[in-house]
Amino acid sequence: MGQSQTMVRRALMNPTTNALIVKIDFTIVASQLLQQTRVVLIDQKEIDQTILGADPWKEALAVPVLDKAEAVKFANDATILSETDTDEISLSKRPMDDHANAVEPRKLIIGSRKSQLAVLQSERIISLLQEAYPELNIELVTMSTTGDKILDKSLSKIGEKNLFTKELEYALEKGEIDAIVHSLKDLPTTLPPHLCISAIDRREIPYDVFIARKDTATSSLSELPKGSLIGSSSLRRIAQLKRAFPHITCRCIRGNLNTRLAKLDNPENDLSGIILAAAGVRRMGWADRITEIMDNNVCHYAVSQGALGVEIRRNDDYTASLLHTICDEESILRCISERSFLRTLDGGCSTPVGVRTTYDINTHILNIQGRVLSYDGDRLVEDELEANLQSFQDVTDCNLTDVQISAIPLNLQKAAFHVGASLANTLLNNGADILLKEAKDKNLNDIHSAYNPSSIVKCPLVT
């Protein structure tokens, strides 16, 4: 790296985040630095101005230092100055033994639901982090959530948005854990004020799948005879199935994947099949049970289905810098767009809302298709929007407060958010608002029914 090309303004060891924060001129050949140490780009506005000062520098780098060797390696290309040293100097080499000795690897505690699938998903994230940071000590803590405990009601009848996140987020806010690995479709589009999504891993296929009973010869939903029972607890899936296959009857079915498959194969339940997310089935190693992948226009998938998101405290720069390594641009921008779409609709598990997205990382073209259905699937409002995310300049009508991911350019994130919100507003103007209100009103009535059984007969629930 040419010393004449790079100037260092200020840099210091941050004892809170265990990171070296180095401010450099944009003329740095970043690829050379990336080959020698782990580097996380941070948006200029997010840097503490009292540390780095307010001036027109272009970039900032935060480098997590996990051991002495890592610090010495970085020292070969940078000079560490004191906080009070404000003179610009040329890049030079300087030993960093004192700084390296002051930084010790911090244990990272990751929270997860207790289900087998949730643990597998968390272990995937842990594996990626340990591949990037072999010396990092990571502990997995599991706990049960409200959604895991209440199994005698469909999700829409429980009446809470954070069914699978509340207990974990409480532990995160108290500092008992450092991060939560979520199946992102379970994470509400509005988070607690002090928490944010800091990483989204490469997404699994997002489609739903039909799994037939073992003793059934059928190869698709369309082949099932009239009156066949299909298990699902998702209003989105049920509404779309009713619309596409009116000869099929849907039944509520709850539980983790192991439980649902056991219910399917229990002849006493008389189920012909169940609908599940392909991602979960594949992660559990049960791809051989998939009868049909619903990758056509019959069933749009849930917002962020198939993606894993990591939630942290907003001020935890150390954990955020570590998570930079697992971020996937395509998955992040698609999920931001989808979550913005759902948030603008003010939807959730109590509303039949589906999406389909694609994103080309070379052309930056994002396509999003969205639909809102009536409870019974008879009525549908849908549309699609395609845009080049790089064509957006100074997007102001977006609220990315729930997402703080430095690995992807902020302008692309804002554009993705804007595209999702724009499509949602188009649907609302075309009558989706009426369908959403009807769905929510019916859901409130069902919640009252679920907690007051004498008032209204509840829908059948497979046990």
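Just so you know, residue 1 is the first one in the sequence shown, and it goes up from there. Just so it is clear, the model here is predicted, and its values are computed rather than measured.
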* Using the salt bridge (Lys or Arg N to Asp or Glu O under 4.0 Å) rule, take R314 and E173 through it: C-alpha gap first, then chi angles, then the decisive distance, then the call. => CA-CA 10 Å; R314 287 183 183 277; E173 288 184 312; over 6 Å; no

* Under the salt bridge (Lys or Arg N to Asp or Glu O under 4.0 Å) criterion, do D201 and R124 qualify, and how do the steps go? -> CA-CA 10 Å; D201 179 29; R124 167 177 168 76; 2.5 Å; yes

* To do: Please lay out, stage by stage, how L140 and I126 fare under the test side-chain contact (heavy atoms from CB on, under 4.5 Å).
  => CA-CA 9 Å; L140 180 62; I126 290 173; 4.0 Å; yes

* Report the C-alpha distance between D378 and K242 in whole Å, list the side-chain angles of each, state the deciding distance to 0.1 Å, and finish with yes or no for salt bridge (Lys or Arg N to Asp or Glu O under 4.0 Å). => CA-CA 8 Å; D378 285 346; K242 287 181 177 180; over 6 Å; no

* Could you walk me through whether I205 and R282 pass side-chain contact (heavy atoms from CB on, under 4.5 Å), step by step? => CA-CA 9 Å; I205 63 171; R282 287 161 58 95; 3.8 Å; yes

* Could you go through the side-chain contact (heavy atoms from CB on, under 4.5 Å) check for Y301 and T357 one step at a time? => CA-CA 10 Å; Y301 42 81; T357 57; 3.7 Å; yes

* Evaluate the criterion salt bridge (Lys or Arg N to Asp or Glu O under 4.0 Å) for residue pair D441 and K437; output intermediate values, then yes/no. => CA-CA 6 Å; D441 288 345; K437 184 179 186 305; 2.9 Å; yes

* To do: Show the numbers, then the answer: is there a side-chain contact (heavy atoms from CB on, under 4.5 Å) between T358 and I368?
  => CA-CA 7 Å; T358 60; I368 177 170; over 6 Å; no

* **Stepwise side chain to side chain donor-acceptor pair (under 3.5 Å) test for N388 and S391** => CA-CA 6 Å; N388 185 328; S391 67; 4.9 Å; no

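In this structure, the side chain of R260 engages the main chain of G255 through a donor-acceptor pair within 3.5 Å. Put simply, the side chain of E204 never gets that close to the backbone of A278: no donor and acceptor are under 3.5 Å apart. Here the side chain of T142 pairs no donor or acceptor atom with the backbone of K114 at under 3.5 angstrom. Put simply, the side chain of N430 gets close to the backbone of T426: a donor and an acceptor are under 3.5 Å apart. Of the possible donor and acceptor atoms, none in the side chain of Q369 sits under 3.5 Å from a partner among the backbone N and O of E384.
Rounded to the nearest 0.5 Å, atoms CG (N258) and CG (N256) are 4.5 Å apart. Going from atom CG of L172 over to atom CD1 of I109 covers 11.0 Å, rounded to the nearest 0.5 Å. We find the CD1-CD1 distance between I365 and I361 to be 13.5 Å, quoted to the nearest 0.5 Å. Between atom CG of residue L195 and atom CD of residue Q404 there is a gap of 10.5 Å, rounded to the nearest 0.5 Å. The line from CD of Q130 to CD of E123 is 10.0 Å long, rounded to the nearest 0.5 Å. Taken from NE2 in H418 to CZ in F392, the straight-line distance is 4.5 Å, to the nearest 0.5 Å.
The two atoms that bring P188 and L191 nearest to each other are O-CD2, 3.4 Å, heavy atoms only. Shown here for S232 and I238, the closest heavy-atom pair between the two residues is O-CD1, 3.6 Å. In terms of heavy atoms, L108 sits closest to L322 at CD2-CD1, 4.4 Å. Closest of all the heavy-atom pairs between A439 and Y375 is O-CE1, 3.6 Å. Between F417 and I336, the shortest heavy-atom distance links the atoms N-CG2, 3.7 Å. Contact record, L385 with S422: CD2-CB, 3.9 Å, taken as the closest heavy-atom pair.
One finds a salt bridge joining R237 and D208 here, because a Lys/Arg side-chain nitrogen approaches an Asp/Glu carboxylate oxygen to under 4.0 Å. Ion pairing between K440 and D346 holds under the 4.0 Å rule for side-chain N and carboxylate O. A salt bridge links R313 and D178; the closest N-O separation between the charged side-chain nitrogens and carboxylate oxygens is under 4.0 Å. Classification of D402 and R343 as a salt-bridged pair holds, one side-chain N sitting under 4.0 Å from a carboxylate O. Look at K107 and E139 and you find a salt bridge, because one of the NZ, NE, NH1 or NH2 atoms lies within 4.0 Å of a carboxylate O, short of that distance. Between E330 and R203 there is no salt bridge, since no side-chain N of the basic residue sits under 4.0 Å from a carboxylate O of the acidic one.
Counting heavy atoms from C-beta outward, T325 and Y133 have side chains that approach closer than 4.5 Å. Under the 4.5 Å side-chain criterion, counting only non-hydrogen atoms from C-beta, V310 is not in contact with S198. Looking only at side-chain heavy atoms (C-beta outward), R371 and N297 come within less than 4.5 Å of each other. Looking at I110 and I180, their side chains never come closer than 4.5 Å, going by heavy atoms from C-beta outward. Between C335 and S304, some side-chain heavy-atom pair lies under the 4.5 Å cut-off. Using a 4.5 Å heavy-atom threshold, the side chains of E386 and L423 count as separate. Looking at heavy atoms from C-beta onward, C299 lies in side-chain contact with R236 at the 4.5 angstrom threshold. For the pair C196/E311, no side-chain contact is recorded, criterion being any heavy-atom separation below 4.5 Å from C-beta on.
By the side chain to side chain donor-acceptor pair (under 3.5 Å) test, T190 is found to be paired with no residue, residues two or more places apart in sequence or in another chain being considered. With sequence neighbours left out, the side chain to side chain donor-acceptor pair (under 3.5 Å) criterion links S122 to S112.
Using cut-offs of 30° and 60° for the angle between ring planes, the H364 and Y359 rings count as tilted.
Applying side-chain contact (heavy atoms from CB on, under 4.5 Å) to V355 and the options R334, H300, E338 leaves one that passes, E338.
The local environment of CG in L120 is crowded, with over 12 non-hydrogen atoms from other residues, nucleotides or ligands closer than 6.0 Å.
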